[in-house]
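Keep in mind that the numbers below use all heavy atoms, side chains included, and drop hydrogens, waters and symmetry copies.
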Amino acid sequence: MKLGLITSICEGMTFEEVVDFASENGLECLEVACWLREGAKRRYAGVSHIDVAQLTEEKAEEIREYCRKKGVEISSLAYYPNTMERDEEKRKYYINHIYRLMDASALLGVNMITTFIGRDPRLSVRENLELVKKIWPPIIRYGEEKNVRIAIENCPMLFTEDEWPGGQNLMTTPANWRKIFEILDSPNLGINYDPSHFVWQQIDYIRPIYEFRDKIFHIHYKDIKVYRDKLADVGIMATPLEYMSPKISGLGDVDWGRYVSALTDIGYQGCSCIEVEDKSFEGSIEEAKKAILLSRNYLRNFVI
């Protein structure tokens, strides 16, 4: 299992600077943020370390060579929009960039992208599954043609009032995974597994590892802390950030020993990336680097 980071926390650094940082600090892979800058409003959106729209074969070879020289692998190209956005113009805009991401991932020889399935938050699960049938088959077919795997993170994107009540990503529970994998029956569709999102949803984050072992394409290391006193005050119907907060690995409620043990049980040998969304480390790029190194130091107890 390779240990690395998702580069969205490294805003302001060039791609080469991020590769250098990873190489100098014993990190083996990068999930490279490739966002569209226009219209990006939420935290960590809008960060782009590879311009996939302008990528040429010559530039791709430069990137591959730089990574080879530094001993750092690109695990995936990352872009996390709401591809089932109600506004059809926005939806088309987001999906077009997904196609660019797949083109670039194939050109770079990475052959994986990480993203969301999306959701219309005002519609039920059943209604959103109908949207999946409409929107996603052409995307999946394109991935198959390009030999690019699509790993969907299980983040509900339901944290604040503007995402209420359903959130912006449907693929957030094992029950929904089964339904979507039945609709989109493809070896190119899988999971970018983040245990922290299951903690605050009160879902067992260990058991699905065994059931979906063949669908786990990529791994995130992000922790979550549920404040029980706040939860007791506002209840589970509150917006989640009223009672929980993302933390760096080891400072929250995930049992990382059990988690990595389960991954070794299934023989997972892919990339696993530190994701930092801890507000305690957002003051500067130096704080962000510190968060990455603290996470690395902790996770090296389990991932060597």
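Residues Arg64 and Glu61 are paired through a salt bridge, judged by an N-O separation under 4.0 Å between the basic side chain and the carboxylate. Under 4.0 Å is where a charged nitrogen must lie from a carboxylate oxygen, and between Glu242 and Lys230 no such pair does. Using a 4.0 Å cut-off between charged nitrogen and carboxylate oxygen, Lys133 and Glu130 count as a salt-bridge pair. Salt bridge status for Arg300 with Glu28: present, with a side-chain N to carboxylate O gap under 4.0 Å. Look at Lys289 and Glu286 and you find a salt bridge, because one of the NZ, NE, NH1 or NH2 atoms lies within 4.0 Å of a carboxylate O, short of that distance. For Lys225 and Asp253, the salt-bridge test fails: no basic side-chain N is under 4.0 Å from an acidic carboxylate O.
Shown here for Ile95 and Thr83, the closest heavy-atom pair between the two residues is CD1-O, 3.7 Å.
With hydrogens and angles ignored, the 3.5 Å screen pairs no side-chain donor or acceptor of Asn111 with any backbone N or O of Arg149. Panel note: side chain Tyr94, backbone Glu89; no donor-acceptor pair is recorded below 3.5 Å. In this structure a side-chain-to-backbone donor-acceptor pair under 3.5 Å is missing from Thr7 to Cys10. At least one donor-acceptor pair closer than 3.5 Å links the side chain of Asn128 to the backbone N or O of Leu123. Between the side chain of Asp120 and the main chain of Glu85, no donor-acceptor pair closer than 3.5 Å is present. Put simply, the side chain of Asn25 never gets that close to the backbone of Leu293: no donor and acceptor are under 3.5 Å apart. At least one donor-acceptor pair closer than 3.5 Å links the side chain of Asp223 to the backbone N or O of Val254. Under a 3.5 Å cut-off, the side chain of Trp136 and the backbone N or O of Ile117 do form a donor-acceptor pair. Looking at Tyr243, its side chain never comes within 3.5 Å of a backbone N or O of Asp233 through a donor-acceptor pair. Remark: the backbone N or O of Gly190 is not paired with any side-chain donor or acceptor of His218 at under 3.5 angstrom.
Put simply, CZ on Phe181 and CD1 on Ile191 are 4.0 Å apart, with the number rounded to the nearest 0.5 Å. With values rounded to the nearest 0.5 angstrom, Glu144 atom CD is found 8.5 Å from Arg141 atom CZ. Atom CH2 of Trp256 sits about 9.0 Å away from atom OG of Ser295, to the nearest 0.5 Å. With rounding to the nearest 0.5 Å, the separation of OG in Ser249 from CD1 in Ile274 is 6.5 Å. Atoms OG and CD1, from Ser76 and Ile6 in turn, are 8.0 Å apart once rounded to the nearest 0.5 Å.
Inspection of the Gln201 and Thr173 side chains reveals no N or O donor paired with an N or O acceptor under 3.5 Å. Between the side chains of Glu287 and Ser284, no donor-acceptor pair is found at a separation under 3.5 Å.
With sequence neighbours left out, Pro174 forms a side chain to side chain contact (heavy atoms under 4.5 Å, CB included) with Arg178, Phe198, Ile203, Pro208, Phe212. Partners of Ala291 by side chain to side chain contact (heavy atoms under 4.5 Å, CB included), not counting sequence neighbours, listed by chain and number: Ile248, Val276, Phe281.
A heavy-atom distance below 4.5 Å is not found between the side chains of Glu153 and Thr114.
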Next item on the list: Show your working on side chain to side chain donor-acceptor pair (under 3.5 Å) between Tyr205 and Asn154 and close with a plain yes or no.
Entry: CA-CA 11 Å; Tyr205 56 88; Asn154 55 302; over 6 Å; no
Next item on the list: May I have the step-by-step check of salt bridge (charged side-chain N to carboxylate O under 4.0 Å, His left out) for Glu65 and Arg68, ending in yes or no?
Entry: CA-CA 5 Å; Glu65 179 57 30; Arg68 280 194 293 267; 2.9 Å; yes
Item checked: Step-by-step side chain to side chain donor-acceptor pair (under 3.5 Å) determination, Asp20 to Tyr66 -> CA-CA 9 Å; Asp20 290 349; Tyr66 198 84; 2.7 Å; yes
Notebook entry, point to check: Given Tyr210 and Asp265, is the side chain to side chain donor-acceptor pair (under 3.5 Å) satisfied, shown in steps?
Noted result: CA-CA 8 Å; Tyr210 297 95; Asp265 283 347; 2.6 Å; yes
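Linking Ile, Leu, Val, Met, Phe, Trp and Tyr whenever their side-chain heavy atoms come within less than 4.5 Å puts Met171 and Ile140 in one cluster. Phe217 and Tyr268 fall into different hydrophobic clusters, where Ile, Leu, Val, Met, Phe, Trp and Tyr residues are linked whenever their side-chain heavy atoms come under 4.5 Å apart, directly or through other members.
A distance below 6.0 Å separates the ring centres of Trp177 and Tyr193.
Classified by interplanar angle (parallel below 30°, tilted 30° to 60°, perpendicular above 60°), the ring pair Trp35/Tyr79 is perpendicular. Between Phe159 and His197, the ring planes are tilted. Angles from 30° to 60° get that label.
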